[in-house]
Amino acid sequence: MKTQICHILLVKVKFTVMTHSCLCYISELPGRNLISGTDICLENESLQTCISHVIDARLEALKELAKLSADPTFAAEFINMEGIGTLARLVESGTHFGEMLAFTLTAFLELMDHGIVSWDLISLSFIKQIASYVNQPMVDVSILQRSLAILESMVLNSHSLYHRVAQEITVGQLIGHLQVSNQEIQTYAIALINALFLKAPEDRRQVSKNLRFSFFQHVIRGNRPIKAEMAHQLYVLQVLTFNLLEERMMTKMDPNDQAQRDIIFELRRIAFDGENDPTGTEKRKAMYTKDYKMLGFTNHVNPAMDFTQTPPGMLALDNMLYLAKVHQDTYIRIVLENSSREDKHECPFGRCAIELTRMLCEILQVGELPNEGCNDYHPMFFTHDRAWEEFFCVCIQLLNKTWKEMRATAEDFNKVMQVVREQITRALAMKPASLDQLKNKLRGLSYSEILRLRQSERMSQDDFQSPPIIELRERIQPEILELIKQQRLNRLCEGSCFRKLGNRRRQEKFWFCRLSLNHKVLHYGDLEESPQGEVPFELLSDKIPVSDIKSVVTGKDCPHMKEKSALKQNKEVLELAFSVLYDPDETLNFVAPNKYEYCIWTDGLCALLGREMGSDLTRSDLDTLISMEMKLRLLDLENITIPDAPPPVPKEPSSYNFTYNYS
């Protein structure tokens with residue numbers, strides 16, 4: 001066993017090719033060709049080192065294996081020789097510790113990440129051994145990181161392994177890893193928690209109070225800034241938590257279900273202080289109808305019918321009941337305040353609560369899967385055990401306040417909801433850290449403030465539509481487009497770092513691409529880590545002549561997006577993917593780190609090919625620059641009305657016998 005791994009490492013992979021800074025392999029299998037290179041040499045000396053029984057030599061062999069396992073050709077050869085089984089047995093034996101074990105786990109994870117071998121083949125003893133590293137109170141950080149990553153991959157890639165992992169690891173056991181100072185360990189732990197959460201049966205998906213407290217106290221309120229990957233994992237947990245509401249959101253109310261009807265009766269009882277019901281059936285029915293009208297239901301006779309539309313279904317009724325029971329004074333005040341207004345100015349509580357619940361589900365994307373590239377988490381949702389319900393209570397009070405400020409009537413219902421949506425989205429964009437901060441943000445976003453912001457935004461846009469202004473825009477546009485084109489090409493010359501797609505986000509691999517200064521060649525190459533600043537051309541070993549580029553494709557048309565992978569078919573990833581197709585039938589595949597870089601590169605590549613730059617960023621930049629240029633040119637015409645048509649030419653004078661006296 002000690003030397004077997006060393007033999008497997010290099011016996012079949014016989015030749016290496018050194019191409020500047022990259023190491024590539026030639027395989028004996030057909031179809032596994034190598035990019036051009038020089039200095040072919042036999043690795044006999046390395047092989048002799050690897051088969052040594054000396055511990056230091058074995059450590060170096062495993063270290064080299066961990067590095068080379070990222071290469072797909074090497075990985076395929078190694079796996080064909082049952083290398084993964086050998087690594088698994090090394091782990092199961094429990095004889096490796098420290099760096100040797102860390103390199104073994106790294107190699108195993110890299111090899112499995114290629115997707116050549118199914119995770120279902122992993123043995124139970126291997127799972128138990130990996131879980132033991134996670135459960136140990138004191139374990140090396142590198143071993144703990146890789147163990148958490150392996151367990152996460154098991155859960156995400158195999159339904160059967162989820163049950164085995166869930167038996168060995170519980171969310172409660174992972175809370176301890178959230179309380180450490182190492183943010184990397186916290187990130188890996190949250191990723192595993194999210195994976196267990198995602199694969200768990202619906203009746204077992206829940207976030208305990210201790211878990212929520214650990215997230216808020218040790219992660220969000222920690223002294224360290226939240227890194228991008230941690231923010232993504234918090235966002236994923238937020239989405240998965242809100243998705244617990246999906247079942248109620250998509251459940252219609254059964255008008256014949258007495259238990260559900262009792263909830264509506266309870267809303268009426270709380271609002272009207274448990275007034276004694278009349279004895280007669282007809283009188284009771286008439287009073288109920290009147291009360292349901294005061295509660296703002298659309299159907300006064302049978303308000304259960306208001307909850308038959310999904311979304312929001314029964315979730316709206318749940319929110320209303322929470323408000324009535326937990327914030328009873330607020331609930332009674334809203335209902336009685338509106339029932340005392342004129343009919344045309346009353347804010348229908350029931351209808352508003354239902355529509356508001358639907359709106360909040362849309363804003364927070366309840367029922368949708370997490371987006372791969374999104375980091376949009378809100379700290380305030382980790383501060384309360386019933387954060388969703390409390391958020392609703394804050395927003396229903398906002399709606400009632402905005403209704404009064406707008407002096408709205410029933411006909412203005414949709415206008416009020418649009419204003420409330422804008423108030424909520426603007427407040428959320430400020431990332432309030434708590435529900436109290438959210439309330440303060442919303443107080444500052446009154447209806448008059450929304451009108452002011454709208455007016456300011458309209459003024460910042462050039463809405464002049466008169467023919468002279470349109471003609472001026474048309475004259476300015478070509479030079480502005482040329483300016484944008486030069487900016488895009490300059491950005492391509494600076495280059496950008498891209499992340500390679502894989503099953504694991506935290507073991508990130510990077511590559512860099514930049515355009516030559518003469519705009520004739522694209523240079524690219526792999527990197528060990530994300531660079532700080534520009535990467536010299538000398539470190540980018542591969543290149544593509546621009547003259548060889550045939551086209552640029554985006555989204556689902558990209559070759560790397562057509563593969564069957566849940567990650568790669570993610571909506572967010574699809575929106576950031578593009579590929580360069582070049583001769584002879586080759587592709588260079590990209591996934592931009594964000595929408596801005598996506599627009600920069602697709603615009604720049606289109607400009608290189610002489611095609612139109614059609615990204616959203618180009619349209620935005622074009623509008624902004626044209627607007628600024630026009631305002632500068634029209635500065636002397638401020639407060640002067642520009643006519644739609646040029647002034648008429650005056651009639652010819654009756655006589656040309658006139659002179660000017662210049663004295």
Side-chain angles (χ1 to χ4, degrees), residues 248 251-360 389 392-417 419-420:
R248 295 293 285 175
T251 300
K252 296 181 180 180
M253 185 171 185
D254 182 1
N256 299 318
D257 189 320
Q258 188 59 42
Q260 295 179 1
R261 291 168 63 88
D262 287 343
I263 298 176
I264 299 178
F265 293 152
E266 183 69 5
L267 291 175
R268 174 194 167 276
R269 185 194 66 77
I270 295 173
F272 302 112
D273 199 23
E275 296 175 0
N276 294 327
D277 293 341
T279 54
T281 303
E282 292 299 325
K283 290 183 179 181
R284 185 185 301 115
K285 185 175 181 181
M287 174 173 278
Y288 282 6
T289 300
K290 177 185 175 182
D291 290 346
Y292 292 147
K293 182 178 183 298
M294 293 173 66
L295 281 170
F297 290 111
T298 304
N299 192 320
H300 306 154
V301 178
N302 186 8
M305 299 302 297
D306 288 11
F307 301 96
T308 55
Q309 185 177 356
T310 58
M314 291 294 292
L315 183 59
L317 187 59
D318 295 341
N319 288 340
M320 295 166 69
L321 183 64
Y322 180 88
L323 174 67
K325 287 191 170 184
V326 179
H327 300 279
Q328 190 172 113
D329 292 342
T330 300
Y331 168 70
I332 294 174
R333 176 178 56 80
I334 292 175
V335 172
L336 297 184
E337 186 179 275
N338 285 289
S339 62
S340 62
R341 294 178 188 164
E342 298 178 46
D343 286 348
K344 67 175 184 177
H345 285 296
E346 68 177 8
C347 177
F349 169 75
R351 182 184 177 192
C352 288
I354 293 170
E355 186 59 32
L356 178 63
T357 302
R358 180 187 292 109
M359 180 197 298
L360 296 182
E389 291 84 352
F392 169 83
C393 294
V394 172
C395 293
I396 194 66
Q397 295 177 70
L398 169 71
L399 196 159
N400 187 60
K401 172 174 170 286
T402 302
W403 186 283
K404 290 188 292 184
E405 292 175 347
M406 294 178 66
R407 298 182 61 82
T409 63
E411 290 75 17
D412 300 320
F413 183 83
N414 291 332
K415 293 180 182 178
V416 175
M417 297 307 298
V419 173
V420 171

Hey, what do you get for CZ (R248) to OG1 (T310), rounding to the nearest 0.5 Å? 13.0 Å

Could you tell me whether the side chain of Q260 reaches within less than 4.5 Å of the side chain of F307, counting heavy atoms only? no

Contact summary for Q397 and C393, nearest pair of heavy atoms: NE2-O, 3.1 Å

Taken to the nearest 0.5 Å, the spacing of I263 CD1 from Q258 CD works out to 11.0 Å

Validation row: F413, C352 side chains within 4.5 angstrom (heavy atoms): yes

Taking atom CD1 of I354 and atom CZ of F297, what is their separation to the nearest 0.5 Å? 6.5 Å

Could you tell me whether the side chain of R261 reaches within less than 4.5 Å of the side chain of I264, counting heavy atoms only? no

Under a 4.0 Å threshold between the charged nitrogen and the carboxylate oxygen, would E355 count as salt-bridged to R351? no

Work out which heavy atom in P312 is nearest to a heavy atom in T357; give both atom names and the distance. CB-CG2, 3.6 Å

When rounded to the nearest 0.5 Å, the distance separating NE2 of H300 from CG of D291 is 11.5 Å

Determine whether N338 and I334 make a side-chain contact, defined as any pair of heavy atoms from C-beta on separated by less than 4.5 Å. yes

What pairs with D257 under side-chain hydrogen bond (donor to acceptor under 3.5 Å, both in side chains), at least two apart in sequence or on another chain? none

If you round to the nearest 0.5 Å, how far is CZ of R269 from CG of D262? 11.5 Å

Distance col, row W403:CH2 vs M417:CE, nearest 0.5 angstrom, shows 9.5 Å

Side chain to side chain contact (heavy atoms under 4.5 Å, CB included) between K293 and E346, worked out: CA-CA 11 Å; K293 182 178 183 298; E346 68 177 8; 4.0 Å; yes

Is any side-chain heavy atom of E337 less than 4.5 Å from a side-chain heavy atom of N400? yes

Could you tell me which non-hydrogen atom of V420 sits nearest to which non-hydrogen atom of L356, and how far apart they are? CG1-CD1, 4.4 Å

For a 4.5 angstrom cut-off between non-hydrogen side-chain atoms, does M253 reach L317? yes

Any side-chain heavy-atom pair of M287 and R268 under 4.5 Å: yes

So which atom in M305 and which in P255 form the shortest heavy-atom distance, rounded to 0.1 Å? SD-CG, 3.6 Å

Would you say the side-chain atoms of Y331 pair up with the backbone N or O of L267, donor to acceptor, closer than 3.5 Å? yes

Is it true that atom NZ of K404 has more than 12 heavy atoms of other residues, nucleotides or ligands lying nearer than 6.0 Å? yes

Determine yes or no for a side-chain-to-main-chain donor-acceptor pair under 3.5 angstrom, with D412 supplying the side chain and T409 the backbone. yes

Closest approach of A271 and L336, non-hydrogen atoms and distance? O-CD2, 4.1 Å

Check whether any side-chain heavy atom of I270 lies under 4.5 Å from a side-chain heavy atom of E266, and answer yes or no. yes

Contact summary for M320 and F349, nearest pair of heavy atoms: CE-CE2, 3.6 Å

